Amino acid sequence: MEAPLHPDFPLDPPAPISVPSAYWVGPRHLAGYDGRLYDAVADTLAGLGWTSLTIVRGRQEPDEAPEDRQVLRSTVLHISPDTLRWAQWVLPDEPFHLGSLPIAWQVSARTDPSSPLAQWSAYFTPDVPGEVLADFLAALDARNQPAVPLGGPELVLDAVTAHGWLRNIDRPDGRVMDPTFTSHIRLGEVPPLIQDADPLALVAEADEAVLAGWQAWAEPVFGAGYLWAASFGASVPHDLVAAFADSLSSSAPVLRRVLPESTRDRLLRAPAG
């Protein structure tokens, strides 16, 4: 009789790993996005009729077959039908960082389709809730002139305070936070490398006033790193930032299968289905 090689292990096959349960969770600004931010945004843009182009950059040695080429970078560019706005998935393209987190999506708009330069750009890291970025893009798509200013900073502040967020006592005209003080939206100096067509955003001297842009971030534990971050160039219209802020601060629950480790204990959740 032949003895098993590994008597300490059962002969029966292991039970299949169960699929994680789905939950409706809130608040959405702490919910992350299941590691599916590309899919969420790409599906939204496809539904809006935007065209997608894959940009591949690599290296090919002499006499090397095309299938053996070494792909170094690969990104996806989505362009609106009027070509005035576009969104680029830059995470595989070795992006720069925002709040020590890599940029995942860069969204831009211009006034003239004949110009290759963007009038403004906005940047989003991987765990920005997909619903929020989708709402921002839907508002951008609905605008006839995506780079023309409309309204002032109060649009952003009113959008979040209507959902119970609080104005900063020291900066009530330019800074708000959620009631637990974990997520913030601020109007102020933008970080380095944030692109904007207005040259004053890039050439201001140290003692000169700089153009202000909106920044948003979630920091579940102070000093322990950010869950996500977003940065809007100084020329991004306030009404578009307000659409982002309104969705971010919404009390409507969102569907999740994977919860961020840093906010798992802060989220209210109910089984879905």
Side-chain angles (χ1 to χ4, degrees), residues 33 36-57 73-93 95-96 98 103-126 128-156 159 185 187 190 193-202 211-216 230-248 250:
Y33 202 68
R36 294 184 59 254
L37 188 60
Y38 173 77
D39 296 326
V41 174
D43 290 347
T44 296
L45 296 175
L48 295 172
W50 290 34
T51 301
S52 63
L53 303 171
T54 300
I55 304 171
V56 177
R57 280 162 282 186
R73 299 180 178 184
S74 176
T75 64
V76 183
L77 179 66
H78 299 258
I79 307 173
S80 66
D82 62 6
T83 71
L84 291 179
R85 57 214 99 193
W86 60 94
Q88 187 172 359
W89 173 250
V90 297
L91 189 60
D93 204 16
F96 63 87
L98 184 64
I103 299 297
W105 280 99
Q106 177 179 341
V107 180
S108 305
R110 58 185 174 183
T111 56
D112 184 355
S114 65
S115 171
L117 301 178
Q119 185 71 19
W120 60 257
S121 292
Y123 305 81
F124 307 89
T125 64
V128 169
E131 298 86 356
V132 178
L133 186 46
D135 288 341
F136 172 77
L137 289 165
L140 172 60
D141 182 79
R143 243 174 169 267
N144 290 329
Q145 297 177 304
V148 176
L150 179 63
E154 285 297 323
L155 291 174
V156 180
I185 300 177
L187 179 64
V190 298
L193 302 179
I194 300 302
Q195 298 179 19
D196 196 275
D198 193 324
L200 293 180
L202 301 176
L211 292 178
W214 289 99
Q215 318 299 315
S231 184
F232 302 85
S235 296
V236 178
H238 294 292
D239 65 300
L240 293 179
V241 182
F244 174 91
D246 180 68
S247 181
L248 180 70
S250 171

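Throughout, numbering of the chain's residues begins at 1 and tracks the sequence. Quick caveat, the model's predicted, so the values are computed rather than measured.
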Subject >> Contacts of type ring-ring contact (aromatic ring centres under 6.0 Å, His included), residue Y33, not counting sequence neighbours >> reply: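 Not a single residue meets the ring-ring contact (aromatic ring centres under 6.0 Å, His included) criterion with Y33.
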Testing the basics here: between [X] and [Y], what is the closest heavy-atom pair and its distance to 0.1 Å?
X    : Y    : value
P146 : A109 : CB-CB, 3.9 Å
A159 : A242 : CB-O, 3.8 Å
V107 : A87  : CG2-CB, 4.1 Å
G130 : A40  : CA-CB, 4.3 Å
S247 : D135 : OG-OD2, 2.6 Å
L37  : V128 : CD1-O, 3.4 Å

**OP:** Among D43, V76, L91, find the one that has a side chain to side chain contact (heavy atoms under 4.5 Å, CB included) with Y38.
**Re:** V76
Original post:
Taking the side chain from S250 and the backbone from D246, do they hold a donor-acceptor pair closer than 3.5 Å?
Top reply: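 A pair under 3.5 Å: no.
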Original post:
Counting distance only, does the side-chain N/O of R85 pair as donor-acceptor with the main-chain N or O of A147 below 3.5 Å?
Top reply: no
Nearest 0.5 Å please: distance from the [atom1] atom of [X] over to the [atom2] atom of [Y].
X    : Y    : atom1 : atom2 : answer
L137 : L45  : CG    : CG    : 5.0 Å
I103 : L98  : CD1   : CG    : 4.5 Å
D141 : T44  : CG    : OG1   : 10.5 Å
D112 : T83  : CG    : OG1   : 9.0 Å
R110 : S121 : CZ    : OG    : 11.5 Å
Q88  : T75  : CD    : OG1   : 4.5 Å

Check: [Y] and [X] side chains under 4.5 Å, non-hydrogen atoms:
X    : Y    : result
Q145 : L84  : no
D239 : R143 : yes
S80  : W86  : no

Original post:
Can you tell which of Y123, W214, W120, F244 makes a ring pair (Phe, Tyr, Trp, His ring centres under 6.0 Å) with F232?
Top reply: F244
Original post:
Testing F124, W89, F136 for ring pair (Phe, Tyr, Trp, His ring centres under 6.0 Å) with W105, which one passes?
Top reply: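 Among the candidates, only W89 passes.
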**OP:** State whether a side-chain donor-acceptor pair under 3.5 Å links Q119 with S235.
**Re:**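 No, no side-chain donor-acceptor contact under 3.5 Å.
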